[in-house]
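Every number for a ligand or one of its atoms is a count from 1 in the order of the listing.
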Amino acid sequence: MLAPPLQRLVTELAKLPGIGNRTAQRLAFHVLRTSDLDARALAQAIIDVKEKITFCEICFNLAEGPRCAICLDERRDRSVICVVEEPNDVIPVERTHEFRGRYHVLGGALSPIDGVEPEDLRLAQLYARIAGGEIREVVLATNPTTTGEATALHVAGELHARTPDVAVTRLASGLPVGGDLEYADEVTLGRAFAGRRAL
Ligand SMILES: [Zn+2]
């Protein structure tokens, strides 16, 4: 029913998470009405994010270049690593201002049902970083979900065996169970950080 170029835009937009067909249509018509300049800016932003954003070679956070802004920041404490599942989990932790160390982004959580095994996560890289000897604490800030908890327990077990001198901590309870770090408000997450306990 729609002209093919418009239908193509609807199809592409509908692939985005949380965007159903009707919302995709509404957005496509909005793009059609918008100025040339705005439409091009949107298209260019999408191209740029794919071309210019890479993963940090140290922590696997998003970076523009080989290293992320946090790993490049000399004021950040090198002796503490906060382990998170995804790059977007770094943002809520940063918002709390409770953490001055560095990160390690696993790229997911263990989930045997979905076929996510330890070797699918950036665990070898984490152990290699810690084997360097500079690290005194690893904070496991995986999500308070079943898979996030399983990942934290697995990593804690490995770290105790590999590097027994390194403290392994987990965020205090109080985070909404089953929720993602992303959705925790900064006060709750800040408290969970301040009250982290040994694992
Ligand atoms: Zn980094």
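- For the Zn ion (ligand 1), the nearby protein N/O/S atoms, meaning those under 2.8 Å, are Cys56 SG, Cys59 SG, Cys68 SG, Cys71 SG.
- Between Glu137 and Arg196 there is a salt bridge, since at least one side-chain N of the basic residue sits less than 4.0 Å from a carboxylate O of the acidic one.
- Geometrically, Arg122 engages Phe55 in a cation-pi contact, judged by NZ or CZ lying under 6.0 Å from the ring centre and within 45° of the ring axis.
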Table please: side-chain donor-acceptor pairs of residues 60-72 below 3.5 Å, with sequence neighbours left out.
{"unit_1": "Arg67", "atom_1": "NE", "unit_2": "Glu57", "atom_2": "OE2", "d": "2.8"}
{"unit_1": "Arg67", "atom_1": "NH2", "unit_2": "Glu57", "atom_2": "OE2", "d": "3.3"}

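- The existence of a salt bridge linking Asp38 and Arg33 is excluded, since no basic side-chain nitrogen approaches an acidic carboxylate oxygen closer than 4.0 Å.
- Evaluation of the side chain to side chain donor-acceptor pair (under 3.5 Å) test over residues 5-30, restricted to residues two or more places apart or in two chains, returns Gln7-Thr11, Glu12-Lys15.
- Screening residues 81-94 for salt bridge (charged side-chain N to carboxylate O under 4.0 Å, His left out), with sequence neighbours left out, gives Arg76-Glu94.
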